[in-house]
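Heads up, the thing below is written out as structure tokens.
In what follows, every chain begins at residue 1, and chains take the letters A, B, ... in the order their sequences are listed.
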2 protein chains.
Amino acid sequence: MSTKKAPCTNTALIILEKSIPLFAKSGFTGVSMRDIAKTVGISIAALYHHYPDKQSMYIAAMGHAFSDMSTSIHSSLEIKGSAEERLSNFITSFTQQMADSPDFRALLQRELLDGDDERLKLLATKVFVEPFKALIDLAHDLYLDCDAHLLAISMTGLILFHFQTAPIRQFLPGGRPEHDAPEIIARHVLMLVSGVFNNVQQEAEY
Amino acid sequence: MSTKKAPCTNTALIILEKSIPLFAKSGFTGVSMRDIAKTVGISIAALYHHYPDKQSMYIAAMGHAFSDMSTSIHSSLEIKGSAEERLSNFITSFTQQMADSPDFRALLQRELLDGDDERLKLLATKVFVEPFKALIDLAHDLYLDCDAHLLAISMTGLILFHFQTAPIRQFLPGGRPEHDAPEIIARHVLMLVSGVFNNVQQEAEY
DNA sequence: GTCTATAGCCTGATAGAC
DNA sequence: GTCTATCAGGCTATAGAC
């Protein structure tokens, strides 16, 4: 367990870790093997010793980035408490994790645009299936009888979209730098979702 | 006014209209001048007669795509009625417009990832500033005293994220094909936002 | 305004020495 | 496992005829 977190000296893994920021910034077609070789500090031919082609390297890099995020998310789903506490905790920690992982966010966006079914399935099962199950359980415990899948999408989307739009918000009415702070975003999303909670309770009382 | 909507026979505009789907599908670096020339049905050299380089052509294509969306959105912001009716109408029509414009959605996502400040400012002023103003007015009329900018981002994000995640939802718990329908998405988002409305009213009564 | 032809560079990928 | 050298083809962009 502790060995997995040790700084990596294996060349194949170093290639992945150094190429992830490049792919996040410029996408698959925007990064050349030359760029990667230069960043890693080895020759192009050496890259091909570890991966048969660029596509395989990209997929391996995605798998690595998604595994990292997976462990990070998993570790924050276990907290016990009331349903309200767990909801608040999920939103807060997920928002903080996304704020801490700009590369993952960019890769996620790029995969949603360009990923084929195989890559999207990997992304789903490695990263999002478990938090989605937790969210659906949470919706059940909170007596939210709206579609749990749609609600889970909405909650993750609410959080992620605030980060996605960060670069354009300075040009939109009311946009201010404070709006980028994860604490502000988390509080806002929790307010929105709590609204649903109360709303459905009201309807149930009719 | 009617002339603007007439089918275009000007080569420079045909180039834009035929290249927009290519850029939407594969991004700037994923489309070559060869691809565009082939799709338009002219030679590469002819492309360079109308645009000085690939970058200029891409920016012109973005401007064209965003203008189209701008007029489409503007035409649905004028409807009168109570604040609740206008909210419902905005969500419904915006969701429908996004459902009808997959190319615009893809270009928007790509620009959020790769656009520089100049391009993002164009995107903001051409497309999003006006609906944002309408949403902020709406939030005021509904006595929502939460941050209007954050709420506007959240509403557009709620809608857009359901489309963004369409290809991956089949791999997530509870995902079903019906969830892609704009009517379902619009109703779900309206339910979420109405929840806020009731919630804030409750708080105001305390 | 459109064409053919091409320059000059960059691309992914390989061969073979060490 | 890493290197240098290289290939064949794609890339953006241009020249010059019609």
To the nearest angstrom, the CE-P distance between Met33(A) and dC9(C) comes to 23 Å
Using 30° and 60° as the class boundaries, would you call the ring planes of Phe23(B) and Phe28(B) parallel, tilted or perpendicular? parallel
With sugar-phosphate meaning primed atoms plus P, OP1 and OP2, does Val40(A) contact a base, only sugar-phosphate, or nothing at under 4.0 Å between heavy atoms? nothing
Given that His50(B) and Gln55(A) both sit by DNA chain C, which one's nearest nucleotide is further toward the 5' end? His50(B)
Whole angstrom value for the distance that separates P of dT11(C) from CD1 of Ile44(A): 8 Å
In residues 165-175 of chain A, what donor-acceptor pairs under 3.5 Å come from side-chain atoms, sequence neighbours left out?
unit_1, atom_1, unit_2, atom_2, d
Thr165(A), OG1, Phe161(A), O, 2.7
Thr165(A), OG1, His162(A), O, 3.4
Arg169(A), NH1, His179(A), O, 3.2
Arg169(A), NH2, His162(A), O, 3.2
Arg169(A), NH2, Asp180(A), OD1, 2.4
Gln170(A), NE2, Pro167(A), O, 3.2

Here the distance between atom C1' of dT2(C) and atom CD1 of Ile15(B), to the nearest Å, is 11 Å
How close or far is atom P of dG9(D) from atom NZ of Lys54(A), stated in whole angstroms? 19 Å
OP1 or OP2 of dA13(C) under 4.0 Å from side-chain N/O of Tyr48(A): yes
Let me know the distance between CG of Asp53(B) and C1' of dC11(D), rounded to the nearest Å. 14 Å
More 5' along DNA chain D: Arg34(A) or His49(A), using each one's nearest nucleotide? His49(A)
Name the closest nucleotide to the Thr11(A) side chain, picking from dT2(D), dA13(C), dT12(D). dT2(D)
So which nucleotide from dC3(D), dA13(D), dC3(C) ends up closest to the side chain of Ile42(A)? dC3(D)
Is it the case that more than 12 heavy atoms not belonging to Glu118(B) sit under 6.0 Å from its CD atom? no
Given atom CD1 of Ile36(B) and atom C1' of dT12(D), what is their separation to the nearest angstrom? 11 Å
Answer yes or no: does a side-chain N or O of Ser32(A) lie under 4.0 Å from OP1 or OP2 of dT11(C)? yes
Ala45(A) side chain: which of dC11(D), dT4(C), dT4(D) is closest? dT4(D)
Interatomic distance where CD1 belongs to Ile14(A) and P belongs to dG1(D) [whole Å]: 12 Å
Can you tell me how the ring of Phe128(A) sits relative to the ring of Phe132(A), calling it parallel under 30°, perpendicular over 60° and tilted otherwise? perpendicular
Is it true that Arg110(B) and Asp114(A) have a side-chain N and a carboxylate O under 4.0 angstrom from each other? yes
